[in-house]
Amino acid sequence: MAEAHQAVAFQFTITPEGIDLQLSHQALRQVYLSGLRSWKKRVTRLKNNVITGVYPASPSSWLFVVIAILATMYTRSDPSMGLIAKIQEHLPVGDSLSIQCRTVVSAVLFSTLLWFSLIFTMRLCLKQLLSYHGWMFEQHGKVSNTTKIWAVSTAMVRIFSGRQPLLYSYQGSLPNLPVPAVKDTVKRYLESARPLMSDSEYERMTTLAKEFESSLGNRLQWYLKLKAMWASNYVSDWWEEYVYLRGRGPIMVNSNYYGMDFLYVTPTPIQAARAGNTLHACLLYRRKLNREEIKPSRVPVLNVPLCAAQCERIFNTTRIPGEETDSLIHWQDSEYVAVFHRGRYFRLWLYHAGRMLSPREIEQQIQRIMDNPSPPVPGEAKLGALTAGDRIPWAQARKEFFSSGVNKRSLDCIEKAAFFVTLDDDEQGMRGDDPAGNLDRYAKSLLHGKCYDRWFDKSFTVVVYKNGKNGLSAEHSWADAPIMAHVWEYVMTTDSFQLGYTEEGHCKGDVASSLPPPTRLTWDIPAECQERIERSLAVAQALADDVDFHVLPIQEFGKGAIKKCKISPDAFIQIALQLAYYRNRGTFSLTYEASMTRLFREGRTETVRSCTSESCAFIRALEGGESKEACRHLFRTAAEKHQHLYRMAMTGGGIDRHLFCLYIVSKYLGEESPFLNKVLSETWRLSTSQTPLQQVELFDFVNHPEYTTCGGGFGPVADDGYGVSYIIIGENMINLHISCKHSCPQTDSHKFGADIKKALEDLLELMSPEKPDPSKAELNHSKKSKKDL
């Protein structure tokens, strides 16, 4: 009750003598400071909207245009060619405005219109420049004149802008995702399907494709082009709804993904201290995000901007269950996080007296939660299992048991929190007598935990373990992994390199004595609801127990050795995955590699179909014992093909998103397409994704190689397939996260991991430049010396 009284700004009592009003000055001051902070954020947001709205110009350029026009008029010239006089004629006539004032007002109005016209022209030019993607297809060392002109023009636009762009400055200038021609998409699909089909299957698929292309396809395409003209992106909203939000199965394992801590070091063994720095670093990132101080993500070297729309929902976002479809709710601000510890839920305020809590203050508050001896109420400990199980039972339980009263207030507190925090009682990391096995258990813990100690509906959950290790688990529908990876890179490096710890392992800073303790959330969970929680937990536990996970750090070689072979590292790894799968299963498989389409407005991902005729030809040649020279030639051909497919996917020429949207239109129209039904029912038995290291400047792998990030991973997409996530660290390390299911007798994450490593080693040996034989070199040198004599 003490916490509740502190939150009340005033109380009044009606007595026979009148109304007895009691004001809490401390509470009123907190309300004032909180309101002041909110207004500062609104002003900052308004200012940034203005700056972003006029980019690539700047607000100060308006004054320059006005002064230039007035100066020109002072020389008795008319730069407006009579427009200023026309504007002056339409101004109200009165004693309040002299002729000179009316002239100045007319000039200012004309200058403003001219300024807006210039901004529109500059944005149109920038949009056209960003629509050019020929630079991506240039051969190394050979740049066309068109690309050179484009690069100079893009640089000139940035120079004339006169200011550093904010996070969202490029949003209005990014091009829309183009709709490929049906003929081109069908042709690319058939090319991708050829190595995976027998002659008869391919002939039948070709017939279905031609029928679709000549009849229903053109009709569906017309609706899709209409949508593309109206919407910013013809794919993203349908992708979010139909791939993620309408899924009725568990989002745990099937949809979420995780990110790990540093591989070799733990900055402090104190759980509360690690939580203090981690949470404070998250708040620092959110403040930079709100102020748009984060640099826009760009394509390396050429500095081409990427869409930042997904950043808007990193914080204060929750997925709300529904019986037919879920929904994503985003709040403008939240000053607290929801914390789970030993079956209890707490509200932890992260701001006090209008300021952000210091890391040391957050550590103290976390320690208060850990020292709280109160037990969980019946049903509270495993409540989070509702978010881990099937969506329909959760939607029904939410409507029936959490729509009013104390349960609604506590649930609102969790859903409106900035993010979710789990204080885990387990110890994790690559440690002890079995470091490899413990690393695998660490990955499983981050992916699903105990199935009830994460809130899987939140945009992300920060997990802090008993030994100071941390990590995160993220919900997938609101954004893709690179967005959350960007946050996590900042949090990890800020925690270790900027905030730091004392010699005893505690957070740095002072503690205010007036901090109110964290608030325990209260629940009233009836027996029927507890039964539903147990049913959801049973579903989630069965799913979690079936996940077979293996994390494989490869330290013998990395990007540096691959680049010496003059091969793209991503193409090299993808072909190695094809080789490993062929050796593991004796066949080829439809392969999904995630590529981004953020060169376009509101772009998310596209699929690269990595299993190609070229890669299959190379693998058959290698396994068939053909000559080294022939295998090398086939390998380079396969790598070039993969690079081309990746570039096509990035520039809007992919296959699967277009076919997916055509399928959605067909369902809206009530039309059946055997071709689309066949394509959309194909199983991705090998699902892969590279986690890019985006903020390389934050790490120092030369002086601090032990501070190596381990990347993250995801669960298997198919029951009889593999999920593979990989991250390339510096020049000498590749980390792999491999998942499959125990229930499938043909899959084994550890065996597949060994196959991948062997495939990488074999390819490296095949493609590495041959070193001259020392004995032959000495013999040649001896012969040359004798000849000289």
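These numbers come from the heavy atoms of this one structure, side chains and all, not from hydrogens, waters or symmetry mates.
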* Taking the side chain from N438 and the backbone from R431, do they hold a donor-acceptor pair closer than 3.5 Å? -> yes
* **Close aromatic pair by centroid cut-off 6.0 Å: H737 and Y258** => yes
* Check: E593 side chain, S687 main-chain N or O, donor-acceptor pair, under 3.5 Å -> no
* Does the W478 side chain pair with the main chain of S459, one donor and one acceptor, at a distance under 3.5 Å? -> yes
* Asked: Is there side-chain contact between T747 and D548, with at least one heavy-atom pair below 4.5 Å?
  -> no
* To do: Could you tell me how the ring of F497 sits relative to the ring of F262: parallel (under 30°), tilted (30 to 60°) or perpendicular (over 60°)?
  => tilted
* Asked: Is D426 salt-bridged to R441, going by a charged N under 4.0 Å from an acidic O?
  -> no
* What are the two closest heavy atoms between L174 and L306, and how far apart are they? -> CD1-C, 4.3 Å
* To do: Compare every heavy atom of A273 with every heavy atom of C507, then report the nearest pair and how far apart it is.
  => SG-O, 3.0 Å
* Going by heavy atoms in the side chains, are L693 and I728 under 4.5 Å from each other? -> no
* Check: T691 and S725 side chains under 4.5 Å, non-hydrogen atoms -> yes
* Do E427 and K466 sit within salt-bridge range, that is, some charged N less than 4.0 Å from a carboxylate O? -> no
* Asked: Is there a side-chain hydrogen bond (donor to acceptor under 3.5 Å, both in side chains) between T587 and Y581 once you walk through the steps?
  -> CA-CA 7 Å; T587 184; Y581 189 89; over 6 Å; no
* Salt bridge flag under 4.0 Å for residues D755 and R583 -> no
* **Modelled atom types, side-chain donor and acceptor of R657 and T607, under 3.5 Å** => yes
* Are a donor atom and an acceptor atom from the side chains of T709 and E489 found within less than 3.5 Å of each other? -> no
* Start with the C-alpha distance between Q578 and S610, add both sets of side-chain angles, then the distance that settles side-chain hydrogen bond (donor to acceptor under 3.5 Å, both in side chains), and finish with yes or no. => CA-CA 8 Å; Q578 293 296 314; S610 300; 5.3 Å; no
* To do: Check step by step if ring-ring contact (aromatic ring centres under 6.0 Å, His included) holds for F588 and Y582.
  => CA-CA 6 Å; F588 297 105; Y582 183 81; 4.7 Å; yes
* Apply the test side chain to side chain contact (heavy atoms under 4.5 Å, CB included) to residues L177 and R601: give CA-CA distance (whole Å), side-chain angles for both, the deciding distance (0.1 Å), then the verdict. => CA-CA 7 Å; L177 182 68; R601 192 171 185 178; over 6 Å; no
* Whether H642 and Y646 hold their rings parallel, tilted or perpendicular, with breakpoints at 30° and 60° -> tilted
* Asked: Are the charged groups of D495 and R274 less than 4.0 angstrom apart, N to O?
  -> yes
* Examine distances only and state if a side-chain atom of T688 and a backbone atom of Y592 form a donor-acceptor pair shorter than 3.5 Å. => yes
* Indicate the ring-plane relationship of Y465 and Y442, choosing parallel, tilted or perpendicular according to the 30° and 60° boundaries. => perpendicular
* Asked: At what distance, to the nearest 0.5 angstrom, does SG of C740 lie from CG of L686?
  -> 11.5 Å
* Rounded distance [0.5 Å steps], OG in S153 versus CG in L126 -> 11.0 Å
* **Candidate pair V421 and L279, rule side chain to side chain contact (heavy atoms under 4.5 Å, CB included), full reasoning** => CA-CA 9 Å; V421 179; L279 269 58; 4.1 Å; yes
* To do: For residues F600 and H133, establish whether the separation of their ring centroids is below 6.0 Å.
  => yes
* With side chains defined as the heavy atoms from C-beta onward, is the minimum distance between I655 and R609 less than 4.5 Å? -> yes
* Asked: In terms of side-chain heavy atoms, does E602 have a donor or acceptor partner in S236 at a distance below 3.5 Å?
  -> no
* **Backbone N/O of L634 and side chain of E614: donor-acceptor pair under 3.5 Å** => no
* **Minimum heavy-atom distance between Q694 and P482, given as atom pair plus value** => NE2-O, 2.7 Å
* Begin with the C-alpha distance, continue with both residues' side-chain angles, and end with the deciding distance and a verdict on salt bridge (Lys or Arg N to Asp or Glu O under 4.0 Å) for D440 and K444. => CA-CA 6 Å; D440 297 345; K444 278 180 63 70; over 6 Å; no
* Any ion pair linking E556 and K757 (charged N to carboxylate O, less than 4.0 Å)? -> yes
* Asked: Quick check: does any side chain N or O of T494 sit under 3.5 Å from a backbone N or O of V491, one acting as donor and the other as acceptor?
  -> no
* Asked: Pick from M733, E761, E731: which one makes a side chain to side chain contact (heavy atoms under 4.5 Å, CB included) with F557?
  -> E761
* Derivation and outcome, side-chain hydrogen bond (donor to acceptor under 3.5 Å, both in side chains), residues Q574 and Y726 -> CA-CA 10 Å; Q574 283 293 326; Y726 55 95; 2.9 Å; yes
* Does any N or O in the side chain of E475 come within less than 3.5 Å of the main-chain N or O of S477, such that one atom is a donor and the other an acceptor? -> yes
* To do: Before giving the answer on side chain to side chain contact (heavy atoms under 4.5 Å, CB included), spell out for F460 and W488 the whole-Å C-alpha distance, their side-chain angles and the decisive distance to 0.1 Å.
  => CA-CA 11 Å; F460 69 96; W488 198 236; over 6 Å; no
* To do: Describe, in one word, how the ring planes of F752 and Y722 are oriented to each other, choosing from parallel (under 30°), tilted (30 to 60°) and perpendicular (over 60°).
  => parallel
* **Minimum heavy-atom distance F315-C282, with the two atoms named** => CZ-O, 3.6 Å
* Are any side-chain N or O atoms of T147 and backbone N or O atoms of V143, one a donor and one an acceptor, separated by less than 3.5 Å? -> no
* Side chain N584, main chain A580, donor-acceptor under 3.5 Å -> no
* To do: Output the distance between atom NZ (K469) and atom OG (S445), rounded to the nearest 0.5 Å.
  => 13.0 Å
* Check: R685 side chain, L590 main-chain N or O, donor-acceptor pair, under 3.5 Å -> no
* Asked: Is there a donor in the side chain of K641 and an acceptor in the side chain of T612, or the other way round, less than 3.5 Å apart?
  -> no
* Please round to the nearest 0.5 Å and tell me the distance separating atom OH of Y257 and atom CZ of F714. => 12.0 Å
* Are a donor atom and an acceptor atom from the side chains of T597 and E606 found within less than 3.5 Å of each other? -> no
* To do: Tell me yes or no: between the side chains of S496 and Y501, is some donor less than 3.5 Å from an acceptor?
  => no
* Asked: When you check the side-chain N and O atoms of H476 and N256, is any donor under 3.5 Å from an acceptor?
  -> no
* **Between OG1 on residue T461 and CZ on residue R454, distance to nearest 0.5 Å** => 7.5 Å
* To do: State, with a plain yes or no, whether a side-chain heavy atom of M136 is found less than 4.5 Å away from one of T651.
  => yes
* To do: May I ask you to check whether E138 and S144 show a side-chain donor-acceptor distance below 3.5 Å?
  => yes
* Closest heavy-atom pair and its distance - C710, I727 -> O-CG2, 3.8 Å
* Structure fact -> Rounded to the nearest 0.5 Å, the OG1 atom of T493 sits from the CG atom of L698 at a distance of 4.0 Å
* To do: Would you please test T605 and S595 for side chain to side chain contact (heavy atoms under 4.5 Å, CB included) and show each step?
  => CA-CA 5 Å; T605 61; S595 168; over 6 Å; no
